[in-house]
Amino acid sequence: MRKGRSRLFERGHTIVLGWSEQIFTVIDELVEANQSERRSCVVVLADRDKVSTEEQIRLRVPRTGRTRVICRSGNPLKRADLELVSPDTSKAIMVLPPTDLEADTMVIKTLLVLNNRAWRSPRPHVVAAVQDSDNLAAARLAAGEHGVVIDADDIAVRFIVQSHRQTGLSTVCNELLSFYGSELYIRAEPSLTGVTYGEALHRYELGTPVGLRRTDGQLLLNPPMDTVIGEDDGVIVLAEDDLFIKLATRHPARIVEEALACAEPPDLTPDRTLLIGWNGRVPKIIELLDSFVEPGSALDIAASHRPAADVLGPYENLTVGYKPCRPTSRRSLEALDPGSYQHVLMLSDESTDAEQADNRTLVTLLHLRDIENRLGDPYSIVTEMNEDSNREVAQVTRADDFIVSSKLISLMLAQLTENRHLHDVLIDLFDPAGSEIYLKPATRYLKSGAKANFATVIEAARRLGETAVGYRLGAERGAPPAYGVHLNPPKAARLRLTEEDHIIVLAEEE
């Protein structure tokens, strides 16, 4: 038992196969997800020493509440070792990608072992992620119909592109995907049959509707406000817990008509973006960014080596250039003339280890922020980091947003482990086609400083064909852990927003 080689006898447990830095986020989230359960169990099978593994988990996740965390020592690729964690009686299995060049190969082989296993009971659902988009099809084939595989590389690119265009989005996504706070649920509401989606937005006392799932499986995020809810449709609701989804039994919160704004949407103009650093995702970032920006927009890549000619274009809406730069050099950064750009996006260096890359990022951010202060705050700064623990350290730079792709992927895996039916919802939510998450100026919805409530914000967004899910307070943007983000706030609570604040909405276009 000390060596972690005894067989487990457990039912309804969640199995995590493999080991990486992401495991601490995963366990922490699964513990929070099971807070309302009388008892729950997370079992880790990794090719590591059991005592060392348990010690690291205790240090990084000290409070596990009613959830027992059990470790077993073994190779998930070996059938005999897999039997140690009793997969037949588990409720879900997560395949955690290791942090090495052969990560996808290990994930695919593990999925093959699980799919070809002789199961003695109904199979639990399996969740996994691949790092290279080219391996997605093979991984999904290996997983079979009981597996859900996400494309970590593609999702990271979407986060980076959308976050750099609207600072604060990464913070919203962290809040949305975490089990701390509000998360998404799909719930049948027969009493709303025949009601339009726009009317349903004001029918909830607790919880905020964001879309519908039709009986045929079709997902409609922020559908047209006159969409009629069918008898067997599910309502996609943002709530603190499924126990905290409640229809209003009395009159809904009053809409403060005099606080509503009639601001015109801003004119869309070409962007100028400075991308500092280089990693393997840059070509995909440029392709996706080209589909978002207005014609005539420009992107300059500042890196130590000139990109290949095909990376520089041509593109439909975007002109891509190159400027030589040593990111940690103040003189080199000043030569880029950062004040001539609206957005600065800094990528993590993948040629060195994660900690060293984050250290270099921190130095570059300090230089950029000091340059910006001297210029009078002309640009936003969004940066990619490897370790979430370095995010709080980097707050001294007052960067507008931090993207920790590995944590976002871990949060998504944990969500799908608890509810695999959310896969299509989450993928659709971050898809450039259809409705996406936007942070828009609060004065587009409410008059600056006017006394109102969130029900009034919901109504203002509804009249614009949008779904409001929360707001971000500018005065709190540097305060962890929420950084000013308030999702699914009480409908009737008093609210007074100004030009510094933003409304978080689902909308089809910016």
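What you are looking at is a predicted structure, and each value in this text was computed from that prediction instead of being measured.
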Scan side-chain atoms only and decide if Glu21 and Asn386 contain a donor-acceptor pair under the 3.5 Å cut-off.
->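 No donor-acceptor contact under 3.5 Å links the two side chains.
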Can you check side chain to side chain contact (heavy atoms under 4.5 Å, CB included) on Ile155 and Leu408, steps first, answer last?
-> CA-CA 9 Å; Ile155 291 171; Leu408 290 167; 6.0 Å; no
Could you tell me whether the side chains of Ser40 and Thr67 share a donor-acceptor contact shorter than 3.5 Å?
->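 Result is yes, a qualifying pair exists.
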Those residues that, when tested against Lys284, pass salt bridge (charged side-chain N to carboxylate O under 4.0 Å, His left out) (two or more places apart) =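 With sequence neighbours excluded, Lys284 shows a salt bridge (charged side-chain N to carboxylate O under 4.0 Å, His left out) to Asp153, given in chain and number order.
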Please lay out, stage by stage, how Arg213 and Asp424 fare under the test side chain to side chain contact (heavy atoms under 4.5 Å, CB included).
-> CA-CA 10 Å; Arg213 185 179 70 176; Asp424 292 342; over 6 Å; no
If you measure only the distance, is there a donor-acceptor pair under 3.5 Å linking the side chains of His13 and Ser90?
->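 Judged by distance alone, the side chains do not pair up.
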Set of side-chain hydrogen bond (donor to acceptor under 3.5 Å, both in side chains) partners for Lys491, sequence neighbours left out =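 Listed in chain order: nothing, the list is empty.
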If you measure from CD on Gln35 to CZ on Phe179, what distance do you get to the nearest 0.5 Å?
->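 The CD atom of Gln35 sits 12.0 Å away from the CZ atom of Phe179.
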Any luck finding a side-chain donor-acceptor pair between Tyr180 and Asp28 under 3.5 Å?
->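 Yes - a donor-acceptor pair under 3.5 Å links their side chains.
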Decide yes or no on salt bridge (Lys or Arg N to Asp or Glu O under 4.0 Å) for Glu10 and Arg68, but give the supporting numbers first.
-> CA-CA 11 Å; Glu10 189 72 36; Arg68 291 181 301 135; 2.6 Å; yes
Mind listing the closest non-hydrogen atom pair of Asn279 and Ser348 along with its distance?
->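 Nearest heavy atoms, Asn279 then Ser348: ND2-O, 3.1 Å.
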Salt bridge between Asp88 and Arg117, side-chain N to carboxylate O under 4.0 Å?
->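 Here Asp88 pairs with Arg117 in a salt bridge, since their nearest N and O are under 4.0 Å apart.
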Residue pair Asp232 / Thr215, side-chain donor-acceptor N/O under 3.5 Å =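 On atom types as modelled, these side chains do not qualify, holding no pair under 3.5 Å.
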Does the side chain of Ser406 come under 3.5 Å of the side chain of Gln22 through a donor N or O and an acceptor N or O?
->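 No.
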For Tyr204 and Gly207, which heavy atoms make the closest approach, and how far apart are they?
->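 The pair with the smallest heavy-atom distance is CB-O, 3.4 Å.
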Do you see a donor-acceptor pair shorter than 3.5 Å between the side chains of Glu466 and Tyr445?
->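 Yes - a donor-acceptor pair under 3.5 Å links their side chains.
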Thr456 side chain to Asn453 side chain, donor-acceptor N/O pair below 3.5 angstrom |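 The criterion, which ignores hydrogens and geometry beyond distance, is satisfied for Asn453 and Thr456.
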Any ion pair linking Glu287 and Arg281 (charged N to carboxylate O, less than 4.0 Å)?
->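 Salt bridge absent between Arg281 and Glu287.
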Do the non-hydrogen side-chain atoms of Tyr315 and Val320 ever get within less than 4.5 Å of each other?
->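 Tyr315 vs Val320: side chains touch.
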Passing candidate, side chain to side chain contact (heavy atoms under 4.5 Å, CB included) with Leu318, options Asp271, Thr273, Leu289 =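 Passing option: Leu289.
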Go through the steps to decide whether Glu145 and Arg123 satisfy the test salt bridge (Lys or Arg N to Asp or Glu O under 4.0 Å), and finish with yes or no.
-> CA-CA 10 Å; Glu145 62 180 10; Arg123 294 190 189 188; over 6 Å; no
Tell me, do Leu176 and Ile437 make a side-chain contact under 4.5 Å, heavy atoms counted?
->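 Yes - at least one pair of side-chain heavy atoms lies under 4.5 Å apart.
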Can you find a heavy atom in the side chain of Thr467 that is under 4.5 Å from one in the side chain of Tyr197?
->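 Side-chain contact under 4.5 Å: yes.
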Indicate whether any N or O donor in one side chain lies under 3.5 Å from an N or O acceptor in the other, for Asp226 and Thr196.
->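 No, because no side-chain N or O of Asp226 sits under 3.5 Å from a partner of the opposite role on Thr196.
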Least distance between heavy atoms, Val44 atom then Gly18 atom |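 Where Val44 meets Gly18 most closely, the heavy atoms are CG1-O, 4.2 Å.
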Between the side chains of Ser133 and Asp151, is a donor N or O closer than 3.5 angstrom to an acceptor N or O?
->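 Side-chain D/A pair, Ser133 to Asp151: present.
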Step by step, would you call Glu29 with Lys407 a salt bridge (Lys or Arg N to Asp or Glu O under 4.0 Å)?
-> CA-CA 11 Å; Glu29 288 295 317; Lys407 181 179 181 181; over 6 Å; no
Search all heavy atoms of Ala103 against all heavy atoms of Pro98 and return the closest pair with its distance.
->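 Reported closest heavy-atom pair: CB-O, 3.2 Å.
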Shortest non-hydrogen contact from Val469 to Pro489?
->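 Shortest heavy-atom separation between Val469 and Pro489 comes out as O-CD, 3.9 Å.
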List the atom of Ala468, the atom of Thr208, and the distance in Å for their closest heavy-atom pair.
->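 Heavy-atom minimum between the residues: O-CG2, 3.5 Å.
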So with a 6.0 Å cut-off around CD of Glu258, is the heavy-atom count from everything else above 12?
->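 Atom CD in Glu258 is packed in, count exceeds 12.
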On the 0 to 90° scale, with breaks at 30° and 60°, tag the Trp19-Phe24 ring pair as parallel, tilted or perpendicular.
->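 Because their plane-to-plane angle is over 60°, the rings of Trp19 and Phe24 count as perpendicular.
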